[in-house]
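Below is one structure; the comments refer to it alone.
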Amino acid sequence: MQLRSKDSYVWFLSLVVAYYSFSLYASGAQIIKSYTSAINILLAVGLVLIGSLNILLQKNRQLVQDIVFILFLVLIVIFFRKMVIFQIVSVVIAFLPVTANDTWLAYRNGIIISVILAFIFGLLGYSLYNTNTYDGVLTLGFVNENEIGYYLAFIAISLLFRFSDHSLQLNVNWWNGIFYVIVLLVNNRIFQDNTAVVLMIMFALFVLVKNKIKNWVLMIFILLAPFMTCFTYWISMNFYSSNWTGKFNDLVTMRPEIWNYFFTRYPISLFGGNQIIVSKFGYDYTPGQGSFDGSYAYMLYSLGILFTIFVVVGLSLAVYQLVRAKNYYVLVYLICLEFVGFSENIMYSYSLSFAIIFAFLAYRFTWFQKGIELVNETKSN
């Protein structure tokens with residue numbers, strides 16, 4: 001399957017994002033629950049084939065490098081031998097033919113589609129309210145308010161931009177500004193999603209200081225993902241060593257306490273594989289009862305030290321390359337994702353954001369330059 005038009009291929013990727021977002025987090029996904037595993041395997045194989053075919057058929061001066069990168073990803077899958085990593089790699093290969101800005105556009109379109117579908121299925125009887133903790137909060141068809149809170153935040157951020165000629169241009173006006181504020185208030189008052197609120201405020205501040213912040217300051221954020229990983233592990237293993245950790249635990253909704261429970265009972269290893277085992281009684285009563293959030297903690301615990309290092313180094317490379325490419329808005333959004341990834345799985349999950357995709361694509365060292373090349377070619381024509 002070759003998608004000759006770049007716009008058509010971006011819409012294809014949008015549908016892929018919509019499927020993953022809907023199937024993992026929408027209440028209406030119950031309708032395909034029995035077939036999800038088979039669909040995911042077939043889709044992963046299809047994405048590898050379609051992405052590779054589009055690379056081969058493009059008039060690409062760096063075809064050899066792309067092929068070497070795909071072979072590198074194949075070796076990663078063989079080395080780790082985990083289905084979840086194969087699924088991540090398949091999505092990465094699917095996004096290899098496009099640019100960083102096109103990736104954002106595909107996620108914007110896909111998430112809008114998934115929100116609309118979730119709402120429709122909610123109206124048809126699959127619940128418009130929280131079906132996870134049964135607290136009665138309106139979630140517009142998603143399992144809980146965290147997903148819809150983040151999705152609305154991402155949509156509000158995306159609507160601040162105009163996508164043209166594969167470039168990302170800030171286009172703030174009265175209606176998208178009002179929508180941004182409304183989403184911020186809804187997340188704060190109704191969904192009580194502090195992560196989405198922090199994400200939106202951080203991004204707005206980065207936009208406001210765009211002309212004042214220097215490249216060397218942005219380069220400091222290369223260290224953000226490594227720092228977050230080390231801090232996650234430290235606080236997980238030293239949760240009871242200081243008084244301030246208790247207050248910090250309350251601030252981030254019991255994440256460190258939950259991590260401490262699992263990390264001290266099931267030590268992390270090079271290749272991961274630890275299961276999230278929940279005990280409901282006695283001394284081993286599990287804090288959070290299965291709520292294991294936090295991208296860095298989850299990768300360390302479930303996927304292992306080696307995979308976490310690979311992703312964290314990739315994120316640092318992505319930040320460096322985005323600074324070099326002067327792709328400011330994509331850069332600062334990735335920084336925001338790395339920050340909120342401390343307490344949520346947003347950064348790790350490709351059904352929520354493109355952060356994990358960027359972490360892999362950063363090893364294709366010139367990928368983040370593709371947008372600049374396309375814009376320059378368009379101007380020259």
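Here, residue 1 is the first one in the sequence, and each next residue gets the next number. Note that the coordinates shown come from a computational prediction; the quantities given were computed from them, not determined experimentally.
When all heavy atoms of Lys210 and Tyr329 are compared, the closest pair comes out as CD-OH, 3.0 Å. Nearest heavy-atom pair, Phe191 versus Val137, reported as atom, atom and distance to 0.1 Å: CD2-CG1, 4.3 Å. The two atoms that bring Asn249 and Glu257 nearest to each other are OD1-N, 3.1 Å, heavy atoms only. Closest non-hydrogen pair, Thr264 versus Asn260, comes out as OG1-O, 2.5 Å. For the residue pair Ala362 and Ala318, the shortest heavy atom distance occurs at CB-N, 3.6 Å. Nearest heavy atoms, Ala156 versus Met200: CB-CE, 4.0 Å.
Atom CG of Leu205 is separated from atom CZ of Phe203 by 11.0 Å, given to the nearest 0.5 angstrom. One finds the CD1 atom of Ile148 at 8.5 Å from the CG atom of Leu138 (value rounded to the nearest 0.5 Å). We find the CZ-CD1 distance between Arg108 and Ile157 to be 13.5 Å, quoted to the nearest 0.5 Å. Rounding to the nearest 0.5 angstrom, the gap separating the CD1 atom in Ile268 from the OG atom in Ser236 is 8.5 Å. Gln321 CD to Leu331 CG: the interatomic distance, rounded to the nearest 0.5 Å, is 11.5 Å. We find the CZ-CD1 distance between Phe95 and Ile357 to be 4.5 Å, quoted to the nearest 0.5 Å.
Clustering ILVMFWY residues whenever any of their side-chain heavy atoms sit less than 4.5 angstrom apart, transitively, puts Leu75 in a cluster other than the one holding Val84. Trp175 is connected to Val183 through a chain of hydrophobic side-chain contacts under 4.5 Å among Ile, Leu, Val, Met, Phe, Trp and Tyr, so both are in one cluster. Under the 4.5 Å side-chain contact rule for hydrophobic residues, Leu223 and Val311 do not share a cluster. Tyr151 and Val181 fall into different hydrophobic clusters, where Ile, Leu, Val, Met, Phe, Trp and Tyr are joined by side-chain heavy atoms under 4.5 Å apart, directly or via other members. Note on Ile76 and Val45: same hydrophobic cluster, where clusters join Ile, Leu, Val, Met, Phe, Trp and Tyr whose side-chain heavy atoms are under 4.5 Å apart, directly or indirectly.
No donor-acceptor distance shorter than 3.5 angstrom exists from the side chain of Glu145 to the backbone of Asp193, with no hydrogens or angles considered. Tyr301 places no side-chain N or O within 3.5 Å of a backbone atom of Tyr296 that could act as its donor or acceptor partner. Panel note: side chain Asn109, backbone Ser14; no donor-acceptor pair is recorded below 3.5 Å. Here the side chain of Asn176 pairs a donor or acceptor atom with the backbone of Asn171 at under 3.5 angstrom. Asn345 places a side-chain N or O within 3.5 Å of a backbone atom of Gly294 that can act as its donor or acceptor partner. At least one donor-acceptor pair under 3.5 Å links the side chain of Ser295 to the backbone N or O of Glu344. No donor-acceptor pair closer than 3.5 Å links the side chain of Asn327 to the backbone N or O of Leu322. One N or O on the side chain of Tyr150 and one on the backbone of Leu352 form a donor-acceptor pair closer than 3.5 Å.
For Phe221, the ring-ring contact (aromatic ring centres under 6.0 Å, His included) partners at least two apart in sequence or on another chain are Phe206. When the side-chain contact (heavy atoms from CB on, under 4.5 Å) test is applied to Leu24, the partners found at least two apart in sequence or on another chain are Ser351.
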Subject >> Residue pair Tyr25, Ser349: steps toward the side-chain hydrogen bond (donor to acceptor under 3.5 Å, both in side chains) verdict >> reply: CA-CA 11 Å; Tyr25 301 116; Ser349 176; 3.3 Å; yes

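Taking the six-membered ring for Trp and the full ring otherwise, the centers of Phe231 and Phe248 sit less than 6.0 Å from each other. Aromatic ring centres of Phe69 and Trp367: separated by at least 6.0 Å. Note: Tyr261 and Phe239 fail the aromatic proximity criterion, with ring centroids not under 6.0 Å apart. For Phe121 and Phe22, the distance between ring centers is under 6.0 angstrom.
At most 12 non-hydrogen atoms from other residues, nucleotides or ligands lie less than 6.0 angstrom from OH of Tyr233. Counting heavy atoms of neighbouring residues, nucleotides and ligands inside a 6.0 Å radius, atom CH2 of Trp244 exceeds 12 of them. Within 6.0 Å of CZ in Phe72 there are more than 12 heavy atoms belonging to other residues, nucleotides or ligands. Counting heavy atoms of neighbouring residues, nucleotides and ligands inside a 6.0 Å radius, atom CZ of Phe339 does not exceed 12 of them. More than 12 non-hydrogen atoms from other residues, nucleotides or ligands lie less than 6.0 angstrom from CG of Asn173. Remark: Tyr320 OH is loosely packed, at most 12 non-hydrogen atoms of other residues, nucleotides or ligands lying under 6.0 Å away.
Under the ring pair (Phe, Tyr, Trp, His ring centres under 6.0 Å) rule, Phe80 has a single partner from Phe86, Phe310, Phe307, which is Phe307. A side-chain contact (heavy atoms from CB on, under 4.5 Å) with Ile93 holds for exactly one of Val74, Leu73, Leu47; it is Leu73.
Between Phe154 and Phe354, the ring planes are perpendicular. Angles over 60° get that label, and only those under 30° would be called parallel. Note: Tyr333 and Trp104 have tilted aromatic rings, judged against thresholds of 30 and 60 degrees for the angle between ring planes. Relative ring orientation between Phe263 and Phe292 is described as parallel, the plane-to-plane angle staying below 30° on a 0-90° scale split at 30° and 60°. By the 30° and 60° cut-offs, the orientation of the rings of Phe342 relative to Trp259 is perpendicular. Note on ring orientation: taking the six-membered ring where Trp is involved, the planes of Phe79 and Phe271 are tilted (angle from 30° to 60°).
Residues Asn211 and Tyr328 bring no donor and acceptor atom of their side chains to less than 3.5 Å of each other. In this model, a donor atom of one side chain and an acceptor atom of the other lie less than 3.5 Å apart for Gln62 and Thr366.
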